[in-house]
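In what follows, every chain begins at residue 1, and chains take the letters A, B, ... in the order their sequences are listed.
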2 protein chains.
Amino acid sequence: MKQVTINDVAKAAGVSRQTVSRAMNDKGEISEETKERVLTAVRELGYRPNRMAQSMVTRRTGTVGLVFSDILNPFFPEVARGVQDVAREQEYNVFLCNTDDDPKVETQILQSLVAQGVDGIIILGSCLGAKALLEFADTYHPIIMTNRFVNHININQLIVDNVRGGALAAEHFVQQGHQHVGIITNENVSYSRVRRIQGFCNTLLQYEVACDDSVIESGAPTLAGGYAAAKRLLTRQPQLTALFAYNDLMALGAMRACRDMNLNIPEQVSIIGFDDIHLTSIVSPSLSSIRVDKYMIGVKAMTRLLEMLARPDAEFPWQEMPVELVLRESTRLVNPQNDLKSS
Amino acid sequence: MKQVTINDVAKAAGVSRQTVSRAMNDKGEISEETKERVLTAVRELGYRPNRMAQSMVTRRTGTVGLVFSDILNPFFPEVARGVQDVAREQEYNVFLCNTDDDPKVETQILQSLVAQGVDGIIILGSCLGAKALLEFADTYHPIIMTNRFVNHININQLIVDNVRGGALAAEHFVQQGHQHVGIITNENVSYSRVRRIQGFCNTLLQYEVACDDSVIESGAPTLAGGYAAAKRLLTRQPQLTALFAYNDLMALGAMRACRDMNLNIPEQVSIIGFDDIHLTSIVSPSLSSIRVDKYMIGVKAMTRLLEMLARPDAEFPWQEMPVELVLRESTRLVNPQNDLKSS
DNA sequence: AAATTCACCGTGAACGTTCACGTGAATGGA
DNA sequence: TCCATTCACGTGAACGTTCACGGTGAATTT
């Protein structure tokens, strides 16, 4: 039950600690012969270096923190998947942390991660203020953030093209002839919320379709939140024929709200979501959405984090993730004669 | 950028390391007065104890590992949620690890977690053999496993009542008058696969409904796997009017397969899934399923792990999780006159 | 033959804590 | 007065590694 230490191996192989260390990390001068001998001793004793002890001196723990708002939103597991796949390849372990979109919790979690000694942190859509983030970045080294624009040497960004996502949705609605469109969005005023609405509304206005606060309703970025928000909005503004949702969960909630209100999709109400999570193609009618490569977000974030770890003083440009409109059954012509493009 | 150590605090407060340590962990003899003085010094310097250093001597890292097959299956995030909520309360951090149902990967992950020094490990449905698990448990202390029965002092079990789950599904099919029922199951022969089929088949046989290998088809426990398996099974055995799926993802895949084969649900084919993940009530028709309290699994697993940590020599009984049949739109009468009970 | 180089390997220190002691002062009772 | 007890705090060691040295013998050069 006692742990096998480097000294046990050293004794067994008849060498010193340092030689064992050299054999394991195959660096430094060591003959092939003794290296073999050490490594067989390692195998026989089942020795694995104690990471805490290593961390003490190397200042590296081989761990990173991944923090996001809600693991129940399928968007995040997909990203996490990408992060983990890259991490495991490099023998990194990753802490997953839910913030519940609560700044208090997020602060606590970040502190906890720092104390834990994680080598880096990836924050998917922080709900902290810019000031708090800058302050945090002052005390802590490599941070990757998505959908957030904070200018700090220790922070590298990965930005989803939210504006274009909103614009694509708006363009489609316009092309389909919709004149009265609404927005179901996150009650928390996040970066992505602002940018998605911005892209959406600006495009609508270009085509002279109205878009103001009266057609926007907010709620939690969940199924229930989308359901409630959609119900409120459609009750208040029954003339709406199209809805753009902050994310797919809200869109799915909105779909259920429509069903409950006896509004047919897409005949009476068209809906476009955001993220293109797996569910979109399972439900019926299937959901049109703005696709973003979630797995790739994870891969890119973790890869960049490793780069920052490898070259602490280098500066890295921020990266942008493209989006794409995926049309499914939840959107359809309102007036066929207005169909400018087929899709 | 340099870390504040316990010595810095000691110097600032004019005391020794040990006194600072006493103040922080408020144990041992220390006067209120100096404790105050130390704590203000701590606040001023922004000192946080280095966990790696603590771990070196206490043999506790304040971390646990949570390993499961696939984070993309919504079942696991819900469990993870429960684990994390309990963990955070006790200042624990949790590593999440995907095994992809690959024994090689799982072994590697377990090794990695041990080297990392996690205080305990929760394994949701291991895909390792009993021998490998016993061997691992010999070298490592507290382990919680779900859906696995391994008799070892270091392992505590949390068992979902799979047999009853299968029985409930079978009973319902029989009561609805189905005479030809099929099974879509996991290609990996896991404990839960065996028990679910066992409960299902035994109950069918009790009612003299046939149930043998010819009506079982296997696939990956995913949407795609369920889709493919259902298509194969329904092609081979077109007389089937009811399907019992290993989990909800496979069930949803099967639903899609039915749609593609122009089989109406539930008029022509009834389907029951397992787990009762959120999706079941979103899709249309909604999916009947065997419900198990996933969040509670996580809570119970983590709670028990903490108990084992607190009392390393105590023995704990294994726990069972109840199941419940939730009927939705995917199941309906075949022959109304056979309806023994209403539900 | 002496000096230099080189390949290989070992030794003390350090990382930041906590644990098991040790110590000195104050207090109490006989 | 003396000893025992209690309280408050400090000191050396230890946890298991790696780093920066230093050393040794053999090979090579001068």
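Under the side chain to side chain donor-acceptor pair (under 3.5 Å) criterion, A/Thr40 pairs with no residue, sequence neighbours left out. Residues that satisfy the side chain to side chain donor-acceptor pair (under 3.5 Å) test with A/Asp101, not counting sequence neighbours, are absent from this structure. Residues forming a side chain to side chain donor-acceptor pair (under 3.5 Å) with A/Ser112 (at least two apart in sequence, or on another chain): B/Asn93.
As a whole-Å value, the separation of A/Met52 CE from D/dA14 C1' is 15 Å. Whole-Å rounding puts the A/Leu45 CG to D/dG16 P distance at 15 Å. Atom CG of B/Asn50 is separated from atom P of C/dT18 by 10 Å (rounded to the nearest Å). Look at CG on B/Asn25: it is 13 Å from C1' on C/dG16, rounded to the nearest Å. Computed from coordinates, the A/Met24 CE to C/dC9 C1' distance equals 18 Å when rounded to whole Å. The nearest whole Å value for the distance from the CZ atom in A/Arg60 to the C1' atom in D/dC19 is 16 Å. Rounded to an integer number of Å, the gap from CD of A/Gln54 to C1' of D/dT17 is 7 Å.
Distance check: A/Met308 CE to A/Ile153 CD1 gives 7.5 Å after rounding to the nearest 0.5 Å. For the atom pair CD (B/Gln116) and CZ (A/Arg48), the distance works out to 10.0 Å, reported to the nearest 0.5 Å. One distance of note links OG of A/Ser55 with CZ of B/Arg51; it measures 13.5 Å at 0.5 Å rounding. Note that CD of A/Glu135 is 10.0 Å distant from NE2 of A/His152, once rounded to the nearest 0.5 Å. Between the OG atom in B/Ser31 and the CZ atom in B/Arg37 there is a gap of 7.5 Å [rounded to 0.5 Å]. In this structure, the separation between CG on B/Leu113 and CD1 on B/Ile121 is 5.0 Å, given to the nearest 0.5 Å.
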Quick one: which protein N/O atoms are closer than 3.5 Å to N/O atoms of nucleotides 23-28 of chain D? Pair and distance per line, please.
none

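A pairwise comparison of heavy atoms in A/Asp100 and B/Arg88 identifies OD2-NH2, 4.3 Å as the closest pair. Across all their heavy atoms, A/Gly117 and B/Met52 have their closest contact at CA-CE, 3.8 Å.
Using cut-offs of 30° and 60° for the angle between ring planes, the B/Trp318 and B/Phe149 rings count as perpendicular.
Sorted by first then second residue, the side chain to side chain donor-acceptor pair (under 3.5 Å) pairs that include residues 300-315 of chain B, not counting sequence neighbours, are B/Asn156-B/Arg304, B/Arg304-B/Glu307. Pairs passing the side chain to side chain donor-acceptor pair (under 3.5 Å) check and including a residue from residues 11-22 of chain A, sequence neighbours excluded, read A/Ser16-A/Thr19.
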Name each donor-acceptor pair under 3.5 Å that joins a side chain in residues 124-132 of chain B to protein atoms two or more places apart or in another chain, with its distance.
from	atom 1	to	atom 2	distance (Å)
B/Ser126	OG	B/Glu106	OE2	2.6
B/Ser126	OG	B/Leu128	N	2.9

Exercise answer: donor-acceptor pairs, residues 64-75 of chain B side-chain atoms, under 3.5 Å, sequence neighbours excluded:
from	atom 1	to	atom 2	distance (Å)
B/Asp70	OD1	A/Arg81	NH1	3.4
B/Asp70	OD1	B/Leu72	N	3.0
B/Asn73	OD1	B/Phe75	N	3.1

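Side-chain proximity of B/Arg22 to C/dT18, D/dC9, D/dG16: nearest is D/dC9. Listed candidates were C/dT17, C/dG16, D/dT18. Nearest to the side chain of B/Tyr47 is C/dT17.
Dashed line: the shortest gap from a side-chain N or O of A/Asn7 to OP1 or OP2 of D/dG16 is not under 4.0 Å.
Each end of the helix from C/dA1-D/dT30 to C/dA30-D/dT1 yields a helix axis from five base pairs, and these two axes differ in direction by 60° (to the nearest 10 degrees).
Across residues 109-119 of chain B, not one residue has a non-hydrogen atom less than 4.0 Å from an atom of DNA chain D. Listed in residue order, the members of residues 9-20 of chain B having a heavy atom less than 4.0 Å from DNA chain C are B/Arg17, B/Gln18. Residues from residues 29-43 of chain A placing a heavy atom under 4.0 Å of any atom in DNA chain C, listed by number, are A/Glu29, A/Ile30, A/Ser31, A/Thr34.
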